[in-house]
Structure formats: structure tokens, C-alpha cells
Amino acid sequence: MAKKKEKAAAKEETVQAVEGDVEEDEVTDDNSPEAYTLTGDYRSDYNEICKRSDVTPVLLRPRALTPASSGTEVAEGQPTTFTTKDKYEYLKPCIETEKDEENKDSIKSLYIKGWKVSTCILNVINLSAPQCLTTISLWRVGLDREGLHIIINMLSKLSVRNLLLDGNPECAGYFHLLLTEDCSLASLSLRSNKINCTDIAPFATALSSNKSLTNLSLHNNSIEDEGAKHLAQGLRINRTLLTLNLSGNKITDGGAKAISDVLTTLNLTHEEIVTRRKLISENKSSLAADEPPTTPGGRTKDRPGSNSRTGSHTALDKKGKGGASGKGNKKQDKVEKPGTKDGRKSDLGNKGKDDKRKGSRTGAADAKKGNVKKGTAGKKFQEEKEHETPQPEVVEFSNPLLESNMSEKEGKIIVPGNFALTCLNLNNNGIGDVGITYLYKALHFQENSTMKRGVRGLLRLTLKNNKFDQDGRQYTQLVDIMTRRDPFYEQPIIEEDQSNLTAQT
């Protein structure tokens with residue numbers, strides 16, 4: 001009996017110990033940084049999460065706005081008040097922020113420049129980031145793969161539109177992880193990251209299926225012709241990217257040819273043809289599913305067939321109480337609409353009806369134009385129209401594999417190339433006269449193409465500091481085409497000689 005009592009007492013002690021450990025874990029979980037609920041005040045949230053994570057907080061500083069960006073003019077003369085600070089104050093690590101316009105306690109932009117950011121600080125930034133954060137800039141912060149995964153986790157929770165990761169070469173081979181299926185980025189800057197042809201291959205594959213990115217900067221990297229070919233493969237299917245910066249790389253004539261070929265026409269591969277057929281069959285099945293089912297009599301199941309008796313009643317209601325039958329009314333209409341001598345119809349019989357029709361038409365027209373003056377609804381509609389800002393016209397590009405404007409040549413299916421790209425920067429590369437010839441042919445094709453009517457294609461192309469002859473015929477013709485395609489180009493007005501005008505008079 002004594003042994004049984006000792007065993008029972010030992011079990012009770014172990015159970016109490018386990019319960020105590022669970023209670024301690026619950027207490028620690030409540031004080032963990034992950035369990036903290038954001039209040040909307042970024043400074044207090046940031047400091048509280050740093051406290052819970054046992055991390056020394058880095059100084060938060062409002063970003064200094066230049067006069068051009070802030071819209072204020074610099075006051076002339078010397079300032080009347082001065083504040084002295086330590087000479088190393090601005091060299092200490094800090095996090096610059098921009099306040100949100102709607103919530104002044106929150107932030108919309110976050111900038112870190114020129115100091116090594118640890119994973120602990122990145123975790124704090126991830127946990128304290130508000131939903132209104134739209135811009136993240138990490139310039140030369142020594143970002144590694146672990147830190148990049150924290151950034152990717154942050155992007156999955158927020159709707160960040162602008163991301164700048166310039167000067168972080170340790171992540172050169174992992175930037176393709178940013179372009180996920182639910183990616184919300186519109187602008188991505190990857191300058192000075194030592195990205196080579198091997199690193200750009202998976203990135204170009206992810207770019208081909210991305211549907212959010214419109215601006216991509218790959219300035220000052222190590223992309224050669226092979227890397228340019230990978231990017232050209234990514235641009236075959238991508239129709240959302242508008243601006244591409246490839247300046248400061250090692251692209252020569254081979255890379256220029258690959259990019260030029262994408263801007264003209266595309267010969268679909270076997271895999272792309274199979275994908276095209278699958279997409280067409282899926283679209284047909286979705287359209288068939290959207291249509292309401294029909295009965296053998298030709299009527300839809302959603303809408304029951306109308307009764308002949310109810311149809312006669314509705315016809316009598318429309319004609320009025322005095323209407324006897326349809327045939328009599330038709331004859332009466334013919335009698336009431338005799339022709340006049342000059343061939344025009346008389347309006348005496350239907351004067352009241354025509355007035356009503358005119359009134360309804362003019363009222364609908366005024367409502368469309370926003371000219372309704374009577375009634376509170378009309379005033380509200382007019383005020384809303386006045387406050388609305390004009391929206392720019394955005395050309396939506398469909399999947400190139402579903403292009404209806406296609407042709408067949410020598411057993412190959414040919415579809416229009418990439419007409420969505422509008423700005424291309426190829427400054428400071430090694431492009432020669434042969435590459436200029438390829439670019440000229442591509443732009444000449446876009447200028448005279450009828451495959452994409454209403455879409456102009458490439459509008460800006462910069463080619464400074466390359467290896468071609470600036471006085472060559474192809475380059476001068478290329479400059480002539482791009483000058484006309486520039487959206488800000490104004491044709492010079494030719495003024496006639498005053499002496500000729502006086503001589504003619």
C-alpha cells in the first residue's frame with residue numbers, strides 16, 4: 001500500500017509540474033511579440049515590439065523632404081534659430097519614415113540606408129508594419145537570404161507597391177522569390193546587385209507569369225547577352241511590364257537582337273501551342289457554364305414561358321382601355337400618319353407622344369452629360385461628376401496565346417510580339433551597329449504594323465554610351481522614328497518667309 005501511495009503522489013507532482021509549465025508558456029505567449037496587437041501608432045508599436053523581442057530599438061526619424069518634393073519654397077536669408085547636435089548624429093543607424101496622409105500616427109514609406117540590418121530588426125519591422133505601408137527601400141543594408149525571406153513574408157501580408165533592394169549582392173540568385181502568384185509589387189529596383197546570367201534565368205521565368213509589375217530596374221549589374229535572351233523569353237508572355245532599365249550591363253548585339261525579336265512577332269513553340277489549345281477549351285467551357293440551361297422548346301429554365309392569356313392582358317394594358325384589337329390599331333395608325341406633300345410624315349396625330357419621347361430623350365441625354373438641374377439626386381450626381389478626376393486610358397493586353405489576330409506561315413503559328421513595353425533603357429552597354437540595325441527593324445515594324453491597331457508599342461529608347469557609330473544611317477533613322485513616337489514630341493511649326501508673303505500680296 002505504501003508503494004502505491006508513493007506512486008500516486010509522484011504522478012500528482014508530475015501533473016502539477018506540467019500544468020505549471022503550461023501556465024508559464026501561456027504567460028510568455030501573451031508577452032511574445034507575435035501576440036501583440038497593433039494600435040495604429042507606428043512609433044509606439046515599434047518600441048513595444050522591440051521591448052518584447054529584447055532588441056535595442058533603432059532611431060526612427062522623419063524623412064527629410066527636399067523643396068521640390070515637399071512643394072515648399074526655400075526661404076531666403078539666414079535662419080533665425082539654430083540647434084546644435086553631435087557631429088556624428090546623422091551617421092548613426094536610423095530608420096527614415098514618411099507619415100500616412102490619412103492617419104498621421106502611421107507610416108506609408110520606410111527607408112533604410114547604408115548600415116547592416118540584422119534579422120532581429122527585420123523581424124521587428126515585419127511585426128510592426130502597418131497595412132498602409134506602400135514603399136520599402138533597403139539600400140546597401142547587407143541583406144542575406146534569411147532577411148530576404150522576412151521581406152517576402154512581409155509582402156505576403158501587406159499591399160506594398162514599391163520595393164527597392166539596391167546594393168544587396170548576397171541575394172542576387174534569390175530575387176525571383178519576390179515574384180509570387182499573389183505579388184502586389186508595381187515597381188521593383190534591383191540596381192547594383194551583381195546579377196549575372198545564371199541569376200537572371202529564374203527571375204525571367206517568374207517574370208513571364210507576373211501580372212502586377214510595371215516598372216523594373218536592373219541597372220549596373222552583370223547581365224550579358226545570355227541574360228538578355230532569358231529576359232526576352234520572359235517578355236514573350238508578360239504583358240504588364242511597361243518600363244525596363246538595363247543600363248550599365250554587358251549587353252552587345254546578340255542581346256539587342258533577342259530583345260528586338262520579341263518586339264515584332266512571335267513564333268509559338270509546341271508547348272505554347274498546347275497551352276493555347278487548353279486555354280481556348282477552358283474559355284469555351286466557362287462561357288458554356290455561364291449561359292442558362294435551355295429546355296427542348298428553346299426556352300430557358302431560369303425564365304418560365306409566358307402565358308398567352310397574360311400576354312394578351314399586357315398588350316391590352318399597353319394599348320389602353322379604348323384599344324379593341326391589334327389589327328384595328330395598326331390600321332388606325334396608318335390612317336393617323338398620312339404623308340405630306342413634301343414627303344415628310346405628319347406629326348399632328350402623335351404630337352403628345354412625340355413631346356413625351358423628346359422629353360425623355362433630352363432628359364436621358366442631360367443625365368448622361370451631368371446637366372440635370374432639378375431634384376436632389378441630379379445635384380448630387382452633378383457634384384460627383386465635378387469632383388471626379390479624369391482617369392487615363394489604360395490599354396489592357398490579353399494573353400498573347402489567345403490572340404485572335406494570328407497568321408500561319410510554313411506550318412508555324414505567328415502572333416503579335418510584345419507591344420506593351422513602352423520604355424527601354426540600354427545606356428552604357430556594348431551595342432554596335434549590328435544591334436542598332438536590329439532595333440531599327442523592330443521599331444519600323446511596330447510603326448507600320450497592322451497586327452496591333454491602336455497600340456503604338458515602344459515609345460522611348462535610350463542608347464547613350466554604346467559602341468555604335470552615331471553618324472550611321474541606321475542610327476539616324478532610328479532617332480527619327482523615336483522622335484516621332486515620343487509622346488511629348490511636338491512637331492515644329494514651319495513659319496513662312498515674310499518676304500514671300502509680301503511678294504504674293
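The structure displayed is predicted, hence computed values, not measured ones.
The OG1 atom of Thr437 sits 8.5 Å away from atom CG of Asp253, with the distance rounded to the nearest 0.5 Å. Between Met482 atom CE and Leu459 atom CG the span is 6.5 Å, to the nearest 0.5 Å. Once rounded to the nearest 0.5 Å, the distance linking CG of Asn123 with CE of Met154 reads 8.5 Å. With rounding to the nearest 0.5 angstrom, the SG atom of Cys171 is 13.0 Å from the NZ atom of Lys194. We find the CD1-CG distance between Ile436 and Leu463 to be 4.5 Å, quoted to the nearest 0.5 Å. Note that CG of Asn126 is 7.0 Å distant from CD1 of Ile150, once rounded to the nearest 0.5 Å.
Residues Lys441 and Thr264 form no side-chain contact, since every pair of their non-hydrogen atoms from C-beta on lies 4.5 Å or further apart. Side chains of Leu188 and Phe175 form no contact here, defined as non-hydrogen atoms less than 4.5 Å apart. Taking 4.5 Å as the limit, every side-chain heavy atom of Leu244 sits out of range of all side-chain heavy atoms of Ile259. Counting heavy atoms from C-beta outward, Phe203 and Leu190 have side chains that approach closer than 4.5 Å. Taking the side chain as every heavy atom from C-beta outward, Leu185 and Val160 approach each other to under 4.5 Å. Under the 4.5 Å side-chain criterion, counting only non-hydrogen atoms from C-beta, His176 is not in contact with Thr205. Side-chain contact between Thr214 and Thr243 is absent, with no heavy atoms from C-beta onward closer than 4.5 Å. Between Ile121 and Val55 there is a side-chain heavy-atom pair separated by less than 4.5 Å.
Of all the heavy atoms in Arg456 and Gln446, the pair that sits closest is O-OE1, 3.8 Å. Of all heavy-atom pairs spanning Cys197 and Gly227, the tightest one is SG-N, 3.3 Å. Smallest separation of non-hydrogen atoms from Leu439 and Ser260: CD2-OG, 3.1 Å. Pairing each heavy atom of Cys132 with each of Ser106, the nearest pair is SG-OG, 3.1 Å. Shortest non-hydrogen contact noted between Leu158 and Ala129 is CD1-CB, 3.6 Å. Between Ala228 and Gly255, the shortest heavy-atom distance links the atoms CB-CA, 3.7 Å.
Under the side-chain hydrogen bond (donor to acceptor under 3.5 Å, both in side chains) criterion, Asn465 pairs with Asn428, not counting sequence neighbours. Every side-chain contact (heavy atoms from CB on, under 4.5 Å) that Leu38 has, sequence neighbours left out, goes to Tyr36, Asp45, Ile49. Residues satisfying the side-chain contact (heavy atoms from CB on, under 4.5 Å) test with Pro93, not counting sequence neighbours, are Val58, Trp115. Annotation: side-chain contact (heavy atoms from CB on, under 4.5 Å) contacts of Ser212 (sequence neighbours excluded): Cys183, Asn210. The side-chain hydrogen bond (donor to acceptor under 3.5 Å, both in side chains) check on Thr135 picks up Asn162, with sequence neighbours excluded. For Arg460, the salt bridge (charged side-chain N to carboxylate O under 4.0 Å, His left out) test picks out Asp486, with sequence neighbours left out. With sequence neighbours excluded, no residue forms a side-chain contact (heavy atoms from CB on, under 4.5 Å) with Ser209. Scanning for salt bridge (charged side-chain N to carboxylate O under 4.0 Å, His left out) contacts around Lys108 gives Glu101, with sequence neighbours left out.
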Apply side-chain contact (heavy atoms from CB on, under 4.5 Å) to Leu138 and Ile151, showing your working.
CA-CA 10 Å; Leu138 303 177; Ile151 298 297; 3.7 Å; yes
Begin from the C-alpha positions of Leu421 and Val262 and carry the test side-chain contact (heavy atoms from CB on, under 4.5 Å) through to its verdict.
CA-CA 10 Å; Leu421 190 68; Val262 177; over 6 Å; no
Apply side-chain hydrogen bond (donor to acceptor under 3.5 Å, both in side chains) to His444 and Asn448, showing your working.
CA-CA 6 Å; His444 181 72; Asn448 303 306; 3.2 Å; yes
As a quick check of understanding, evaluate side-chain contact (heavy atoms from CB on, under 4.5 Å) for Lys92 and Leu59, giving each step before the final call.
CA-CA 9 Å; Lys92 294 179 180 179; Leu59 177 65; over 6 Å; no
Start with the C-alpha gap between Ile107 and Leu60, add the side-chain angles, then the distance that decides, and say whether side-chain contact (heavy atoms from CB on, under 4.5 Å) holds.
CA-CA 11 Å; Ile107 61 171; Leu60 294 177; over 6 Å; no
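Remark: the backbone N or O of Asn245 is not paired with any side-chain donor or acceptor of Ser217 at under 3.5 angstrom. Between the side chain of Asn238 and the backbone N or O of Leu207, at least one donor-acceptor pair lies under 3.5 Å. Although no hydrogens or angles enter the test, the distance criterion places no donor-acceptor pair under 3.5 Å between the side chain of Asn196 and the main chain of Ala172. For the pair Asp433 (side chain) and Asp469 (backbone), a donor-acceptor distance under 3.5 Å is present. With Asn429 contributing its side chain and Ile251 its backbone, the two residues share a donor-acceptor pair below 3.5 Å.
Residues in residues 127-148 take part in no salt bridge (Lys or Arg N to Asp or Glu O under 4.0 Å) pair, two or more places apart or across chains. Residue pairs meeting the side chain to side chain donor-acceptor pair (under 3.5 Å) criterion with at least one member in residues 219-233, sequence neighbours excluded, are Ser192-Asn220, His219-Ser247, Asp225-Thr252. Note on residues 152-178: pairs passing salt bridge (Lys or Arg N to Asp or Glu O under 4.0 Å), not counting sequence neighbours, are Asp166-Arg191. Applying the side chain to side chain donor-acceptor pair (under 3.5 Å) test to every pair with at least one member in residues 471-482, sequence neighbours left out, gives these pairs: Tyr440-Gln477, Asp480-Arg484.
Of the candidates Asn168, Thr119, Ile112, Asn168 is the only one forming a side chain to side chain contact (heavy atoms under 4.5 Å, CB included) with Leu143. Partner of Leu133 under the side chain to side chain contact (heavy atoms under 4.5 Å, CB included) criterion, out of Asp100, Leu110, Thr97, Ile125: Leu110 alone.
Within a 6.0 Å radius of CZ in Arg43, other residues, nucleotides and ligands contribute 12 heavy atoms or fewer.
Note on Lys257 versus Asp261: salt bridge recorded, some NZ/NE/NH1/NH2 to OD/OE distance being below 4.0 Å.
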